[in-house]
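Values below: every heavy atom of this structure, side chains too, minus hydrogens, waters and symmetry copies. Below, chains carry the letters A, B, ... as their sequence lines are ordered, and counting in each starts from 1. As the structure is a prediction and not an experimental result, all values here were calculated from the model.
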Amino acid sequence: MSDFITLTITAMVPFLFVAQGTMLSGRAGIFNVSQEGLMLLGAAIGYLVSLKWGGNLVGLLVAALAGAAFGAILGWATTYLRMDQFVVGLALFFLSGGTASLLYRVVIGADEPPRIRPLPDIVFGQDVLVFVAIGLSALLWWWLYRTDSGMRLRSVGENPKAADSLGINVTRTRMLAASLGGGLMAVGGAYLPMAFSGVYADGIVAGRGWLAIALAFFGGWRPQLILAGSLFFAAMDVLAQRAQVSGIGIPHQFVSMLPYVATLLVMIFAFRWALVPQFLGKNYDRESRITG
Amino acid sequence: MSAPDAAPGGAAPPLLRMRGIRKTFGPVVALKDVDFTVGPREVHGLLGGNGAGKTTLMNVLYGLYAPDAGTIEIDGAPVVIASPKDAIAAGVGMVHQTFLQVDVFTVAENVVLGTDTSGVDVNGRIRELSERFGLAVDPAARIGDLPVGVRQRVEILKALYRGAKILVLDEPTTNLTPQEVDALFGSMRAIVDEGMSVVLITHKIRETMAACDRMTIMRDGAWIATVDAADTSPEDLAARMVGAAPASDETADVALGGTEIGDATLDVPEVTGPVRVVGSRLTVPGTGGKAVVEDVSIELCEGEILGIAGVAGNGQVELAETLTGCRPAHGSLTLDGTELVGRPTEAWLRAGVVYVPEDRQRDGILPGADITENLVLGAHRTRAKAGLIDWGRARREAVEAISEFAVKTPSAATACGQLSGGNIQRVILARAFAHNPKMLLLHNPTRGLDIASTQFVYDRIRAAAAGGCSVIVISEDLDEVIALADRIRVAYSGRLVGDFARGHADPYELGRLMTGVSGAA
């Protein structure tokens, strides 16, 4: 049982980073849907950099920068160019996923991949990123709900026109949120080879990126609820793997389905809480003259 | 009348001077080199019909629109305003017609948003401003839960909190009851008494006469005149607003609407035709046990116009959809004796119930479809031959409708969404009258329309009634209801209250019903 809890907490980390990144972008109105690709990119870069140029920490940092760059592209395309967020997000999903695969093939080729060193445990058999992820959630909560700049960021996702009319730079806020969010997503991906497999594989993300979007909705786009929700998603993830490996009497596909079912239920019943940022996925054009 | 750049009150520079402001949107020239000057300590009316460019000019001042040409001076010093941030720094505050508020934030959060709150007693400061200017609010309340009148006070507080010297109010009396309008004008006086100036954007002459020291009239994106309130009359203002266009005498009446409430209309005989529409105990259940339309009963004679006044959000949309068969309801509604409740919307339309919805863009037209296609909507089955629409006939009829309803459009093949609000409304009316309505329901039929289109809509409504059609006008513009209706009722919280015959409705009594203060039903 304690084994199950330990595994669940480890499995929680990628969900937590990626869902918090999704939340952070979304709170400014940028709906990123390229998590699956950005995680793969983070995994590839995290693995390759750790292996070739200086260890896990540098790997994480470079992965974060790459993710931030992709996030910035999404921000730029949807603010300055006002392109459709969903279409750009999907394009970035393919682009980042493809880039990940390509980088790996260029550097490693078809050889047997060497393993990188796992992240060292600190306490309770948990590595440092577990605590970073939890601390980050607390920090995001404090930033969004306790500071002026966090309130500004939230206002941009709720009503950018109101924010703009009060002198808040909507474009800059969205660029910042999209970049930070993209960075967190890639970190979530980079964690996978460092904590689990030790190597990169094209299937390493295995749908966690899509699940993280569901988790953002599940947690009502609030950092504290996303933290709680990530435990549930991680537990389902661990259960599904167990069901697959050893068999626990239920098909593993059924367990894998549960987070989605839970998210649907939450969205149906929480619909009236108005938990989703009002301008999620919607671009803002100051001079648009659409009259009601 | 003084020249626009003459400084009022002698040698002191004007508080605000805008010169030669030009703004184009694509091929449309929205502002034609407009000059606008506001003196210190004055309420300055910015008067004009919809589409005259009043809001556009003030959006330029507030940094929301970048002008193509022109300069702005505040206190005699030139300023560059490229964003609302610059405008706030220069001492300009603006209350937009659609409030720019974050619904999920509290009053206090909305007020301080974008400012540095470290070391500031936010609630204390908001309370102090509230008291000083008579703008009562609860800083801890969630904005989305508040009624329109309170939300407006929050908007004004937002500007005052930032130290605005010039406060721009864009059509602030829309959706307010007469009592709330009085309170607002009181707050405006308090603001001016403290040394600031207020720009009141409005299309209502009565309001400028009641509240303003000076006023600037705009028409078609151009400056027309700037006059002192003491040197002008409502008729003079109306003539300037409407211009020398043909039929300007008629349209001037619309501009003057509400300046002399009730007086001229007392002689009109009460409509007493055979009863045509009987709705009884109509109820639409809502979420959480509270009905959105509750126990509504109505009765209309042939040729009668029933006006339904009320503050937005009191179930008007739901009521309109219920009375036109777009929304399932309990109860009964008969038209010429035929029961319609429970039957499909098409049956209502076939029976002669026609609906002109409030949100023209969203509910009234297909924005991407052309005028011909929009005119065929609803009649697509009767115009069809063997399941195919007879486009030849549809196009011929569209061309006729365009000329009869004076729709300004390059052709019948123009996408409806590209037309102006007034022309979209003309297309919708053309379609409505093509159905030969026996009961016509219009919701906010002139909102956002210019004077000529407003007049056009009024003429059509009156003509329909004269032809025996029963008309229901739901409007949040009390003056409009009073001008059009033979009988007036008030929508409050999903119910209909009050029942006044033409000429017997006191605006203040209606105002009390609109806010639920007076319980009489």
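Using a 4.5 Å cut-off between heavy atoms, B:Arg162 contacts chain A through its side chain alone, with no backbone atom that close. Within the 4.5 angstrom heavy-atom criterion, only backbone atoms of B:Asn110 (N, CA, C, O) approach chain A. Contact of B:Glu109 with chain A is made through backbone and side chain together, with heavy-atom distances under 4.5 Å. Within the 4.5 angstrom heavy-atom criterion, atoms from both the backbone and the side chain of B:Leu64 approach chain A. Heavy-atom distances place both the backbone and the side chain of B:Ala66 under 4.5 Å from chain A. Heavy atoms closer than 4.5 Å to chain A are found nowhere in B:Thr98, neither backbone nor side chain.
Using a 4.5 Å cut-off between non-hydrogen atoms, the part of residues 135-156 of chain A that approaches chain B consists of A:Asp148, A:Met151, A:Arg152, A:Arg154, A:Ser155. Listed by sequence position, A:Asp164, A:Ser165, A:Leu166, A:Gly167, A:Ile168 are the residues of residues 164-172 of chain A in contact with chain B, using a 4.5 angstrom heavy-atom cutoff.
For A:Arg286 (side chain) and B:Gly63 (main-chain N/O), a donor-acceptor pair under 3.5 Å exists by modelled atom type.
Within 6.0 Å of NZ on B:Lys85 lie no more than 12 heavy atoms contributed by other residues, nucleotides or ligands. Other residues, nucleotides and ligands contribute only 12 or fewer heavy atoms inside 6.0 Å of the NZ atom of B:Lys408. Applying the 6.0 Å contact sphere to CZ of A:Phe131 captures more than 12 heavy atoms from other residues, nucleotides or ligands. Heavy atoms of other residues, nucleotides or ligands lying less than 6.0 angstrom from CH2 of A:Trp210 number more than 12.
How far CZ of B:Phe105 is from CG of A:Asn159: 10.0 Å, rounded to the nearest 0.5 Å.
Minimum heavy-atom separation, A:Glu158 to B:Val102: CB-CG1, 3.4 Å.
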